[in-house]
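Worksheet: the structure to be examined is printed underneath.
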Amino acid sequence: MSLIKQLWIAIILLVVVAFGGSFIISMLMSKNYLEQQLQTKNIDNATALALSMSQMQKDPVTIELLLTAQFDSGHYQSIRLLDPTGKVMVERQSDDNASVVPQWFKRLVAIEVTPGFAQVQDGWKQYGKIQLTSDTRFAYEDLWHGSQKLLWLSLGISLISGFLGSLLLRKILRPLDEVVKQAEAISERRFISTPEPKTMEFKLVVKAMNQLSGRIRNILDEEALRLEKLRRTANYDQASGLMNRDYFFSRVNNFVANEETFSEGVLVVTHLTGLAKIDQMLGHAETDSLLRQLGNALEAFANDNPHCMVGRLSGTDFAVFCGTPGNSYEFASQIKKLVTKAVGLHPVYPEFPQHTVAVAGKFKKTDTTEELYTLITRVLDEVISGEGEELHVIDEEDIVNQQDSDEEEWRRLLTAALNAERLKLAHYPVLNCKGKMIHQESPARLQLREDGAWLSAGEFIYWASRLNLVAGIDKLMVKAAIDELKQGKEAIGLNISTRAICNTDFVEYVHDLLDRHSEIAGRLWLEVPEEGAFEHLKEFRAFCAQLRPLGCKIGLEHVGTYVSRLGELHDLGLDFIKIDASVIRNIDKNTGNQIFLRGLCLIAHSIGLLAIAEGVQSNEEKTCLPELGIDGMTGSAIR
Amino acid sequence: MMVVPGYTLADINLNQLLNFATLNYGERTKNSVLELETAIRQLKTSSDLQKLKQINDLVNQKVRFDEDINIWDKSDYWATPLETLGRETGDCEDFAIAKYFFLRQLISEDKLRLTYVKALIGGPYSKIIQAHMVLSYYAEPNAEPLILDNLISEVRGASRRTDLSPVFSFNSEGLWVGNSTTSRGNSTTHLSRWRDLLIRARNEGFE
């Protein structure tokens, strides 16, 4: 039984007892008083009558008259004159029993009064005795009416106090609702904190829960920091702070392999001549500071540009990869200028002039980083040794070789496709470690031309972003997923872009759809890229707050870079993370990443997240991953 | 104790009485009480007339007459028997009341009455009339009563007391329900003077 119900029952009982008790007591006291009054009246009236009779002539007629007169003019039930032996001489009795008071009430109350006695003298002789009983009718009526009035009054007051009681209860128990909400949130793995209420008992509970949330948060933060350090040491070059060679290759390869986001890119490698000399002459410290400065500049550039990655491939080689199609020559010269400037700002520069050599190569889907890098290095060597052009682009053919380069053409095609809803979902299974399906990852495919080819996101996303049509595509995608779920698909995972979560219109659209089809909401898995979620944390929070209550599952994909900030997710109640393929790649051989991955899975499980591995390609990876704590896998080896 | 059907004789709680007497009035009163008690015990087997005479004499000897205003500083205060004995003074009501309480131990109550009378004071030729109270004894319900008071020291029949004309009689019958000795009603604020007296006497030890 609920607390409110119990409190109500207690209040009602108390009120009933209080008023019932006072009612009964009041009744009894009234009865007592009336009885006393009647008793006194009996005695006094008898005495008065006997006194006057004693003074009179004792002829029977006069006696009877006197008695009758007294009887008729007063409120009596009976008056009797008894002779000294007890025989009745004169008697008057009231036969009228009519009364508004019901019999049951009379029986219940039962006013008991004894008759009054008094002696009548005739000179010195005893003449007789008066026995007088007053009418109790008026007493009963008094009690009857009085008790009715009292009953109504009691009812009225108890109703009012009941009403007031309910208001008071509500006010007192309001903080209880907040407490319950927080407790429920914690049970859903959303470790939120709420302000402490004033009521002492609630304050203690809320304080304890807040402490729990706080501790979880702290643990998460600490673990995340530790993990980040691990990651850094394993994958980053100490001196420059950029990705090391293996990691860079892995990341770029991974990015390229993702056909949803990549169709064409550029790889630029810059070589610093004279770096070795600085190292020789001035030692590690100066070299490192130069490298650090360069690293910072390149990193800043990468952060400012979408799909850009920077790494240090060797002692002297720095690579910049751009994942969006563009003019290789322009890009390469941009990088060269950047590097020259960064190096030039260093105090060492004037004494040790550097030459920057940049070689750029176009990156197609079919290329691997290693292959392209080998090609580029060959050219680099030529350039360095031969003192050739310090800027060289490998592929001269530099057109944006999309099907249609015209922006207008793209706009027309995309809008037509959206209006005709020529969008379908592809399906790639995500399985748990026992082989059972968790969900189908379902990227969108758009058919630009009627009866034309179905393009993957990587092929149209660049233009869609430029023309601000991504929102429309996102909406179509969600609608298609819900339709498929309604038709009976088990579970579907959708990639929601960063742009989409920042679009309030889109979020509301999804909210309405899910609200209307609430029965399938639990089978919809929405994933947001890690980078997008952390860069726009406020919008992501709002996204989660709006959609999670409807029952769908929310998680992050491509997780691996923002590990230090994992603690910030502790109160969102996410359901899963998908770990970036760059961490998964060759996990069976990479012990550094194994330690990292194990720690990451532990943290994820502690806040109730499923840990799913992306891009699983080999059987070795497949067998190694479950032992590290991975709950599910997807990738070419899982198809 | 003789038991008459329908009536029981009243009783004395001797210890209570003695305590009260010693506490409030001293040795002399205590002795008086003892004397009284002895007398009553001895009179148990005597005739009614003997009882009347003895008690009448006892009280008349022990108590001196005076007005209430002088004794109690209140006009018209009805003293309990013990109070009268203790003070050794009383007015006409106090005499009558004391004799009434004492005789109740020996004679059934329905034979005893306290009677309001008009009294001629100062001899057969006097014209002074005063309010007075006497104790009347009825051997039979229809009989002429015997009168006990403080004006004349001997017990006389009513016809021989030409100085008195009766007005009204009462006793404690009817104020006790059935045979119980508890009075109906317990609020002292509602008591008539007579009932108040009865209760005070009872508290001292006279049932």
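By convention in this document, chain letters (A, B, ...) are assigned in the order of the sequence lines, proteins followed by strands, and residues within each chain are numbered from 1.
- Atom CD of A/Gln57 is surrounded by 12 or fewer heavy atoms from other residues, nucleotides or ligands within 6.0 Å.
- Taking chain A as the reference chain and counting heavy-atom pairs below 4.5 Å, the highest number among B/Ala143, B/Pro145, B/Ser165 is found for B/Pro145.
- The OG1 atom of B/Thr115 sits 9.0 Å away from atom CD of A/Gln126, with the distance rounded to the nearest 0.5 Å.
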Side-chain atoms of residues 195-206 of chain A: list all donor-acceptor pairs with protein atoms under 3.5 Å, sequence neighbours left out, distances to 0.1 Å.
none

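- For a residue to count as touching a neighbouring chain, one of its non-hydrogen atoms must lie under 4.5 Å from one of that chain's; by this rule B/Ser169 touches chain A with backbone and side chain alike.
- Applying the ring-ring contact (aromatic ring centres under 6.0 Å, His included) test to every pair with at least one member in residues 74-111 of chain A, sequence neighbours left out, gives these pairs: A/Trp104-A/Trp144, A/Phe105-A/Trp144.
- Within a 6.0 Å sphere centred on NZ of A/Lys125, heavy atoms belonging to other residues, nucleotides or ligands number 12 at most.
- Within 6.0 Å of the CD atom in B/Glu140, the count of heavy atoms belonging to other residues, nucleotides or ligands does not exceed 12.
- At least one side-chain heavy atom of B/Arg113 sits under 4.5 Å from a side-chain heavy atom of A/Gln119.
- Interatomic distance, A/Asp83 CG to B/Asn142 CG, rounded to the nearest 0.5 Å: 7.5 Å.
- Residues B/Phe168 and A/Gln121 have side chains not in contact (no heavy-atom distance under 4.5 Å, counting atoms from C-beta outward).
- In this structure A/Ser2 satisfies the side chain to side chain contact (heavy atoms under 4.5 Å, CB included) test together with A/Ile4, A/Lys5, sequence neighbours excluded.
- For a residue to count as touching a neighbouring chain, one of its non-hydrogen atoms must lie under 4.5 Å from one of that chain's; by this rule A/Thr47 touches chain B with backbone and side chain alike.
- Using a 4.5 Å cut-off between heavy atoms, A/Ala50 touches chain B through backbone and side chain atoms alike.
- Between A/Trp124 and B/Leu164, some side-chain heavy-atom pair lies under the 4.5 Å cut-off.
- At a heavy-atom separation below 4.5 angstrom, chain B is approached by no residue within residues 152-183 of chain A.
- Neither the backbone nor the side chain of B/Ser159 comes within contact range of chain A, judged by heavy atoms closer than 4.5 Å.
- Inter-residue side-chain proximity for B/Val167 and A/Ser54 is flagged as unmet; no heavy-atom pair is nearer than 4.5 Å.
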